[in-house]
Amino acid sequence: MSCQKLYKFSAHQLREKLNSREIKSEDILLSLSERIRETESKVKAYVRLNGQNLKFSSQTPAKTDGLLNGIPISIKDNICTEGMPTECCSKILQGFNPPYDATVIRKLKEAGALILETKLNMDEFAFGSSTENSFFGVTHNPWNLACVPGGSSGGSAAAVAADEAIAALGSDTGGSIRQPASFCGVVGLKPTYGRVSRYGLIAFASSLDQIGPLTKDVRDCALVMNVISGYDPMDSTSVNMAVPDYTASLGKDIRGMKFAIPKEYFVEGMDPEIKNIFSEALEQIKKLGATYQEVSLPNTKYAVPVYYIVATAEASSNLSRFDGVQYGLRIGDRGQVAGDRGQSAENRLIDMYNKTRGEGFGEEAKRRIILGTFSLSHGYYDAYYLRALKVRTLIKNDFDAVFKDFDAILAPVSPTAAFKIGEKASDPLKMYLSDIYTISANLAGIPAISVPGGFTKGKLPVGLQILAKPFAEEVIFQVASAYEQATPWYNEEPKL
Ligand code: GLN
């Protein structure tokens with residue numbers, strides 16, 4: 001059966017083939033394994049693969065009628081999987097095998113999905129926009145191997161684009177699902193804050209993080225959301241609200257809908273090609289019977305600084321738990337390091353912390369810990385952190401005002417298409433500034449998707465972003481699906 005190239009199909013197409021007994025789940029696994037063997041040496045989307053065969057979690061037999069029954073799902077390396085390595089692509093978590101599953105993993109398993117034991121590459125602790133900050137090395141963009149796949153869920157996006165995954169989970173703190181989805185030409189959704197449980201997601205910035213799907217099409221995205229969404233008592237920020245059937249929004253027309261275009265997004269630094277592609281997408285939206293109008297989100301100019309204060313402050317606090325005692329790496333314990341035998345126990349402990357954190361964290365993680373510790377420190381807290389929180393509220397208010405009059409906001413995902421590996425690696429500020437269109441959604445807690453929206457002349461994919469008010473994922477799916485059906489972008493494939 002694997003001669004059918006099953007790896008090319010989406011999850012919902014494979015579910016149909018499984019239902020009609022045309023194929024068995026093992027056929028999909030075989031086909032996917034073959035594909036990974038064929039292309040992974042070029043893409044490097046997975047980590048700890050070591051040339052071995054793929055391993056999957058075993059299926060729960062009682063759940064064979066689940067929505068994702070028999071479908072393999074690939075997971076970003078920061079989502080806990082019981083007994084399977086989960087290292088956030090950081091040296092400091094080397095050898096960490098969580099004793100429990102994240103809620104999203106439990107839900108996927110209950111829906112019959114098969115979880116890949118081999119995880120997907122990412123920027124260390126999800127710090128980055130290019131996957132260049134991974135301890136395991138960079139992932140390559142399947143559309144152009146010299147380019148980054150975006151980040152931090154670069155492995156997830158590249159694997160889906162290269163047909164090395166049927167569907168994947170990523171996490172988005174400031175754009176880490178949407179920007180790589182845009183760079184790799186796949187669908188990626190950041191749900192409303194509180195819609196999907198964060199229990200078992202290794203925290204970067206707890207007030208911004210959300211887990212979400214990266215998929216081949218909008219229907220798969222809705223399908224995965226049906227499975228992973230919902231209230232979880234294990235996450236105190238999870239919201240107790242009924243989850244609609246997101247697939248019910250697909251295929252509806254968008255006639256008469258009103259969209260807002262934030263004028264502040266069309267500023268210096270935006271590649272003219274991106275602007276053209278976005279204008280063409282708007283034309284398409286108009287043809288579908290909807291209207292759009294320019295609006296103002298006046299506090300957009302503060303989004304990048306506010307995000308990098310809030311996110312690094314929370315990260316510095318979250319990362320303090322990695323001290324060599326409880327998780328993963330430990331260096332310099334019990335006087336094992338030459339020359340420290342004469343030290344007091346206390347000094348040896350401090351020494352162990354220093355060595356473990358010094359060697360365990362990469363450069364970007366250290367930069368963020370230092371920045372975050374600084375803005376939280378006595379004397380600077382009011383001037384930086386507290387002020388950032390106040391401006392965050394203003395940013396949220398800007399969105400609330402727009403959603404009073406409009407169904408959704410349309411925007412680009414990133415000011416450029418995928419850039420070359422190494423191009424921004426030595427200039428963190430340049431890298432941070434490229435997050436301008438994605439981070440506001442996290443600061444405001446609203447849902448946003450990236451769907452394929454066109455190609456540059458150099459044949460790199462470019463995403464269209466659709467943002468809606470809190471818990472209006474249904475609106476996002478309706479618009480995304482109408483746009484998807486009216487455009488040819490999904491028929492294109494990277495040549496690998
Ligand atoms: N690029 C942003 C950052 O580096 C967002 C990362 C993310 O969403 N995890 O913080």
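Just so you know, ligand 1 is whichever comes first in the structure, and atom 1 is the first atom listed for that ligand.
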Quiz item: Name the residues in contact with ligand 1, where contact means a heavy atom under 4.0 Å away: which are they?
Solution: A126, F127, G128, S129, S152, D172, T173, G174, G175, S176, F204, Y307, Y308, R368, D435
Exercise. Please say which of Y380, Y308, Y385 ends up in a ring-ring contact (aromatic ring centres under 6.0 Å, His included) with F374.
Key: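 Answer after filtering Y380, Y308, Y385: Y380.
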Exercise. Please answer whether the main-chain N or O of K457 pairs with a side-chain N or O of E273 as donor and acceptor at a distance below 3.5 Å.
Key: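 Judged by distance alone, yes, a pair lies under 3.5 Å.
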Exercise. Among L93, I202, T86, find the residue that satisfies the side chain to side chain contact (heavy atoms under 4.5 Å, CB included) test when tested with Y327.
Key: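 Result: among L93, I202, T86, L93 is the only option passing the side chain to side chain contact (heavy atoms under 4.5 Å, CB included) with Y327.
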Exercise. Check V479, I466, L282 against F259 for a side chain to side chain contact (heavy atoms under 4.5 Å, CB included) and give me the one that passes.
Key: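 Answer after filtering V479, I466, L282: V479.
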Quiz item: Parallel under 30°, tilted from 30 to 60°, perpendicular over 60°: which one fits the rings of F125 and F127?
Solution: tilted
Self-check item: Donor-acceptor pair between R198 and S238 side chains, under 3.5 angstrom
Solution: no
